[in-house]
Structures are given as C-alpha cells and as structure tokens.
Number of protein chains: 2
Amino acid sequence: MMRRSSIHCSSCENYECLIKKSLSTDEAERLAMQKATLNCKKGQQFIMEGTPVSGLFFIYKGKAKVLKTGIYGKEQILRLVQEGEIIGHRGFGTKNKYAISASALEDAILCNFSNETLDLMMKKIPELTYELMLFYADELNRSETKVKKLAQMTVREKVIDTILFIQRKFGINHKGGINLQLSRKEIADYSGTTEEQVIRTISSLKSEALIKCSGKMISIPDTRKLQSEISEHNFYLDQ
Amino acid sequence: MMRRSSIHCSSCENYECLIKKSLSTDEAERLAMQKATLNCKKGQQFIMEGTPVSGLFFIYKGKAKVLKTGIYGKEQILRLVQEGEIIGHRGFGTKNKYAISASALEDAILCNFSNETLDLMMKKIPELTYELMLFYADELNRSETKVKKLAQMTVREKVIDTILFIQRKFGINHKGGINLQLSRKEIADYSGTTEEQVIRTISSLKSEALIKCSGKMISIPDTRKLQSEISEHNFYLDQ
DNA sequence: CGCCTATTTGAACCGGGTCAAGCATTGTGG
DNA sequence: CCACAATGCTTGACCCGGTTCAAATAGGCG
C-alpha cells in the first residue's frame, strides 16, 4: 500500500463525501488536511479483521468490498463500496479492533483519517457527527433487511436480488452491462450461498432470457421483469 | 396503548439511557420533559412497519422485540430489547417510514420522544448525537455479525448461539433459568429457522445435558461447555 | 372440565451444499 | 507466438440437513 502526496479536500470532486459535506469553516478544512492518501492495487486488503482500528477510510477512486471471514475461511461480503463512500468506520462502538476486513475490487485511491483527527473533527463539527449518525442508521437498515433476506429468501431469490442490487448501486456501462464485474464466488459470498448455486441460477436466468452474460459482465434486458421474479413475496425491497 | 402521566427524566433510574446520559443543562432537562409516557400490554404492537415515523421509543420498564415481517408473513426478529434501551430509531436515514415493527414481550412502560423534540435535542446537545452515533455503530456491528451467522451457521449452531445470547443479555433469575422466556416459535424467528427445528435442537441439547428446561424456562448448567459446541469454528463471537 | 394454544414427534420430500470432472479463459515464461 | 500452468467457470451426480405437513400430546386458562 503506497503512500502518496495528500489530495486536499477543497480540490476533491466527491461532493457526496460525508467529510467534505460538513466542511464549512477554514478550521474544518485545516483538520481535513491531516489525512493521508493511499494507493491500493486490485485485490489488496487494506483493513484486516481483528487489527487495531486506524481510523476511517474514504474511497477517493475505485471500488471495494467489506467482508467478514467465518467458518473454515468462508467469506461473507457485507458491503460493496463505491467511489465517494466511507469504510472502516466500525471502530467506534465498544471495540477498538476492526470487526470487518476490506479489500479493493479494482485499483483504488483511499483517503485515511486517523482516529485522533476524526475525534477532533467530530468535537469541532457537530454536523459531521450528525452525518455519520445518519450514515450508520441507513447502514443498519440495510443490514437488517439483509438479515431478513438471508433468513427467508431462496437461493434463486437471493441471487436475483444481488444482481438487481449491484445494477442499482453501480449502474450500467456503455455496453448496457452492470458497471461492476464480480466473480461467481463473490456473488455467492454476497448472496450467502455457494459458487455452484450462483452458476446454476445464472444459467437458468440466461436460458429464461432474464439476463445476458458475456464473461463476468451481466446485463438485465428488462429490469422490471427480473424484479417481478422476487417482488411478489417481498414488499419492502429497501436495500 | 394508554397514555399516562409523564415520568420526568430527572427522577428516572435508568442511568444507561442514552438520553439521560447526555442531559447536563437545565435546558436539556426541559427538552426531555417534552416526551410522552405510554403503557403497553404484553403482545401489543407499538411500532408497525411501513407507518410514518413517530419518533424514538425508550423502554422504561419491560422487554420488547424488534422484527421485520417477510415472505408469507414469516417474522424475522432483529433485536430483543431490554429495559433502558431505545427502539424505533430507524426513522432517521433516508426514509420517514418505519422499516421495522416492535411489540412488547411483557407489559411495558415506554417513553416516546417525538421527531421534533428529538431533532431539537440533537441540535442543542452534540453529546446526544454522538451517543446515538455510537449506538448505531454498535448495532451495525451486531447486525453484520448476524448476517454472517445466518449465512454460515448450521441450525444447531444458530439455536445454541441464540440461547447463549439471550442468557448473556438478559441474565438468569433466582432459579438459574434465563431471565427471558420466549416461545419456540420466537426462538426460531430470531435464529432464522423453523419452530420444529428449534424443538428438535432443544430436545437434543436436553438429552446431551447441555441445557435444562421446564416449560419455556431454559437454563444452562455449564455455559462454557455449551459455548464450546459452536466456538471451535467461530472465533469472533462479537454479538 | 373442555377449549385453545403451544409443544413434540414422525415421516416424507426437496432445496441446496458438496464432490468430482471437464471446459474455458487468462496469464506467463520460454 | 505457442505451450503450459493456473485460475475461473460449468455441469452432473449424490446426499444430507432442514423445511413442510400431519397428527398426537401436553399445558394453560376461563
């Protein structure tokens, strides 16, 4: 993980950034300068479960996944993270150890705010604390919806739900394909099933013309139609 | 749900209450008086998924469960809530509709802070916002651990984990039994399985002398021993 | 005591996980 | 540029855990 010259918040173009949103005074800007900027290659792990918390990460460029490693090394992907979002925030609560791991899905540039900087910023900027609270409340909603889905959906529904979700979150590219290519294994680790089940489900969906594939790229010809495969029994799809 | 004369925060004995913790000034106390106090009978639902958010609830007395209703009316219990804890807080994020339901597990007395009161309090008391943020971050941790467990544990492990959890959280009574009696169905709804599976697992555990039962009351003769039934493959039991 | 609900047990079915083998794709070094 | 290795993807077959259905039993409460 390479350290590089820091990118200043004032010249950053991620206007959805929680930090930047809350920066109004010069003082806040000065605090925000205390961050480090890091380069991270595809596949590289930048947060490791169980290690001491070293602040909050912000995805300046790239995509990442947040996961827990479980029984026999099986991964559970908890979040797929886009440019402009934060990670590693789980350090606050009762613990000072990361409860999750995170690694880059493609080459990424990360901003890192240390614990001290973050504490200082929150003390000086109540709006930031408020924004963080909203962020956690939202994430909690999402996570609890996921709990329900894992407990109640069939494998087919879970895989469809995952595909719809990544399209909703990451959008589509110029070819009409979903703008994030995951391996079958990763789709399985997010859906809470196995690689083989994902492959079988995707094969079925292809033969039913509900999706199209070329390699890892998946596209959905008719989103509404695919949605109807799960929505009859799932009224609150608030993921 | 019966409205009753308000209990004043200053005479409240729940010292762990997020609200009370943050009340230092007279002004804060005055704001906290703006709350309503409600009586709620066992089984009564006081938050309904999909209805507009009417603020935050605090459990002054009693116990409650937080759940999502899913496919074919199957319930997923997300949280078991004790005296001194808050509920209904999910209103913040992007939505103004409750994403969860809540009902009393036994007769309860609830404090309710309206949206307006809460907003006002957070603006005036940064410490409260901070405490709420920590609360959400903690809850998020718990929820994400639950996601992993649901995806990876066997039914037997999930049921054992649930029994251990409710003992850890609610403690034991004078008879050595867990201080919260849930129905088999409720244990199933929390564990993410069916009533029959819970019954079968509990039967096995009884015959293995890992637990004892009399009616709904469960007791664990040797917690460590029961723990070892799941912990070999689960290193981070941070629920 | 009798009704209603909760719990328990049995049996059958099936979804989904596991194992194994074959195929495709990508990458690397000679 | 090809050969070969390594990795990822796909498919088939098998089997087991877990859900479902049904029926019996126990327990709680008016």
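Bear in mind that the values here come from a model prediction, so they are computed numbers and not experimental data. Order of the sequence lines fixes the chain letters, A, B, ..., with proteins taken first and strands second; residue numbering starts at 1 for each chain.
With sequence neighbours left out, A:R200 forms a side-chain contact (heavy atoms from CB on, under 4.5 Å) with A:E196, A:Q197. Every residue meeting the side-chain contact (heavy atoms from CB on, under 4.5 Å) condition with B:K41, not counting sequence neighbours, appears here in chain and number order: B:Q44, B:D107. Shown here are the side-chain contact (heavy atoms from CB on, under 4.5 Å) partners of B:S219, two or more places apart in sequence or in another chain: B:K212. For A:S203, the side-chain contact (heavy atoms from CB on, under 4.5 Å) test picks out A:I199, with sequence neighbours left out.
Between A:K68 and A:E75 no salt bridge is recorded (no basic side-chain N to carboxylate O distance below 4.0 Å). Salt-bridge formation is detected for the pair B:E106/B:K63: a Lys NZ or Arg NE/NH1/NH2 atom is positioned less than 4.0 Å from an Asp or Glu carboxylate oxygen.
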Letter per nucleotide, 5' to 3', of nucleotides 20-30 of chain D [B base touched, S only sugar-phosphate touched, - untouched; heavy atoms, 4.0 Å] | BB---------
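Rounded to whole angstrom, the span from the CD atom of B:Q152 across to the P atom of D:dG17 amounts to 18 Å. Between B:K158 atom NZ and D:dG17 atom P there is a gap of 14 Å when expressed in whole angstrom units. The distance from atom CD of A:Q181 to atom C1' of D:dC9 is 15 Å, rounded to the nearest whole Å.
For B:K158 and B:Y190, the positive end is not near the middle of the six-membered ring at less than 6.0 Å and at most 45° from its axis.
Between A:G192 and B:K206, the residue whose closest nucleotide on DNA chain C is further toward the 5' end is B:K206.
Between chain A and DNA chain C, the heavy-atom contact criterion of under 4.0 Å yields a 5' to 3' nucleotide range of C:dG16 to C:dC19.
Within 6.0 Å of the NZ atom in A:K169, the count of heavy atoms belonging to other residues, nucleotides or ligands exceeds 12.
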